[in-house]
Amino acid sequence: MFEMGEGEDAKTLSTVETLSRELAQWGLLRGDLVLALGGGVVGDTAGFAAAVYYRGVDVVQVPTTLLAMVDSAIGGKTGVNLPEGKNLVGAFHQPRGVFVNPTVLATLPDREYRCGLGEIAKYALMGDDFASAHVDALVRRDPAVLAEVIARCVEIKARVVAADELELTGVRAVLNYGHTLAHALETASGHGLMHGEAVAIGLVFAAQLAAVLERVPPDVAARTETLVQSLGLPTYAPPGLRADDLVTIMQRDKKSGGGLTFVLDGPSGIERVDDPDPDAVRKALAAIRVEA
Ligand SMILES: NC(=O)c1ccc[n+]([C@@H]2O[C@H](COP(=O)([O-])OP(=O)(O)OC[C@H]3O[C@@H](n4cnc5c(N)ncnc54)[C@H](O)[C@@H]3O)[C@@H](O)[C@H]2O)c1
Ligand SMILES: [Zn+2]
């Protein structure tokens, strides 16, 4: 057993080195495996150590946060942070298996749990909404309902990843639904908003933008807002954020390549949309109460 520190600050090359040295001292063999038990921080760090130790030993992911169960443990992305930025060093390393037991979620702090619900809302809004009918059970952390809902999310993520495992064709970009604005909100709020909360607001924004662009009927925005709100997540931006600042941050987003790129719903489903009408973007930002 190797216990790592907690939080983003522990997701470092230095932790990978310490863990790798432990593996060497234990005499880990090529046929052995690393079992990553914890949230996304543990999964990413241990997964990356497994990806590089002996140029790759097997890893099994045992996620213990809701976010890790539906998102970070699935898809094979592993990695650590540098002082210069998050997730800058990493590798694709698919786990041998992922084992999820929703009963461990009973002890997860409330805010962490709700952040996982933000990602679940994302999957539900990407296809046939399987979450709205189970809102109360989800908020109660009902293990039977969680098992079903988590499995649906895993299926969706696994299907998308299988079609674009190494993020080469752009198919995987649909997993960033709600995330363009979310990343900007996290940055602009000085990380006062947690990732899942920012995703929740980002989903409402994406639906508003799709409605303003007449890609979807207006009731899609209302339905998105209802789902997000009923899961106990925020539906509009916190006060003090300005549209200009958010747009500037979104243009800097490493995945945007300089323009403004969103992932939006539309007649042919969720897809990447480059450089939409700037006035529409402003209108959608105003709809989530961002100051002009
Ligand atoms: N690899 C990917 O594809 C991918 C995708 C999304 C996010 N991520 C990464 O995941 C990380 C975030 O993961 P996270 O949200 O799971 O956060 P986390 O791993 O930091 O866990 C959150 C907190 O919950 C605690 N915890 C974990 N399980 C618990 C339990 N069952 N009961 C009580 N407390 C528990 C942890 O100790 C920690 O304090 C970020 O570093 C992010 O970059 C990776
Ligand atoms: Zn996310």
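First listed ligand is number 1; within each ligand, the first listed atom is number 1.
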(message) Considering non-hydrogen atoms of the protein only, which is the closest contact for atom 16 (O) of ligand 1, and what is the distance?
(response) T65 OG1, 2.6 Å
(message) Is the shortest side-chain heavy-atom distance between V59 and P95 below 4.5 Å?
(response) yes
(message) I need the contact type for K11 against ligand 1. Using non-hydrogen atoms and a strict under-4.0 Å cut-off, is it side chain, backbone, both or neither?
(response) side chain
(request) Out of K157, E112, R111, E119, indicate the one that has the non-hydrogen atom closest to atom 3 (O) of ligand 1. (result) K157
(request) Would you kindly specify which portion of H93 sits under 4.0 Å from ligand 1, judged on non-hydrogen atoms: side chain, backbone, both or neither? (result) neither
(request) For the Zn ion (ligand 2), find the closest N/O/S atom belonging to E119 and write down its atom name. (result) OE2
(request) Could you check atom 30 (C) of ligand 1 against the protein and tell me its nearest heavy-atom contact, residue, atom and distance included? (result) T107 OG1, 3.6 Å
(message) So that I can tick it off, tell me whether D277 and K283 are bridged by a salt bridge, with the cut-off set at under 4.0 angstrom between side-chain N and carboxylate O.
(response) no
(request) Can you pull out the closest protein heavy atom to atom 18 (P) of ligand 1? Residue, atom name and distance to 0.1 Å, please. (result) V41 CG2, 3.9 Å
(request) Please report which non-hydrogen protein atom sits nearest to atom 35 (C) of ligand 1, along with the residue it belongs to and the distance in Å to one decimal place. (result) L108 CD1, 3.5 Å
(request) Give the residue, atom name and distance (to 0.1 Å) of the protein heavy atom nearest atom 40 (C) of ligand 1. (result) E8 OE2, 3.0 Å
(request) From the options K77, E8, K11, select the one residue that forms a side chain to side chain donor-acceptor pair (under 3.5 Å) with N87. (result) K11
(message) Pairing donors with acceptors under 3.5 angstrom, does anything connect the side chains of T12 and T15?
(response) yes
(message) Give me the nearest non-hydrogen protein atom to atom 37 (O) of ligand 1 as residue plus atom name, then the distance to 0.1 Å.
(response) E6 OE1, 3.1 Å
(request) Write out the residue and atom name of the closest protein heavy atom to atom 14 (P) of ligand 1, then the distance separating them to 0.1 Å. (result) G40 N, 3.5 Å
(request) Would you mind reporting whether C115 and L66 have side-chain heavy atoms less than 4.5 Å apart? (result) no
(message) Using side-chain heavy atoms (C-beta onward) and a distance below 4.5 Å, is N176 in contact with R272?
(response) no
(message) Tell me the protein heavy atom at minimum distance from atom 8 (N) of ligand 1, and give that distance in Å.
(response) S72 CB, 3.5 Å
(message) Assess the residue pair F2 and M4 against the criterion (side-chain contact (heavy atoms from CB on, under 4.5 Å)); give the C-alpha distance rounded to whole Å, side-chain angles, the decisive distance to 0.1 Å, and a yes or no.
(response) CA-CA 6 Å; F2 173 84; M4 64 176 282; 3.9 Å; yes
(request) Say whether H195 and ligand 1 are in contact under the criterion: heavy-atom distance to a ligand atom below 4.0 Å. (result) no
(request) Would you mind naming the N, O or S atom of H179 nearest to the Zn ion (ligand 2)? (result) NE2
(request) Please examine the side chains of R141 and L108, heavy atoms only from C-beta on, and report whether any two atoms are closer than 4.5 Å. (result) yes
(request) Under 4.0 Å, heavy atoms only, figure out whether ligand 1 is touched by the backbone of N87, its side chain, both or neither. (result) side chain
(request) Answer with side chain, backbone, both or neither: which part of K77 has a heavy atom less than 4.0 angstrom from an atom of ligand 1? (result) both
(message) I'd like to check atom 33 (C) of ligand 1 in this structure: does the protein have a heavy atom lying under 4.0 Å from it?
(response) yes
(request) Answer yes or no: is there a side-chain heavy-atom contact under 4.5 Å between L28 and V57? (result) yes
(message) Can you tell me if E148 has over 12 outside heavy atoms packed within less than 6.0 Å of its CD?
(response) no
(request) Answer with side chain, backbone, both or neither: which part of L67 has a heavy atom less than 4.0 angstrom from an atom of ligand 1? (result) side chain
(request) With heavy atoms under 4.0 Å as the rule, classify the contact between T78 and ligand 1 as side chain, backbone, both or neither. (result) neither
(message) Heavy-atom count check: over 12 atoms from other residues, nucleotides or ligands less than 6.0 Å from Y236 OH?
(response) no
(request) For F99, look at atom CZ and say whether over 12 heavy atoms of other residues, nucleotides or ligands are found less than 6.0 Å away. (result) no
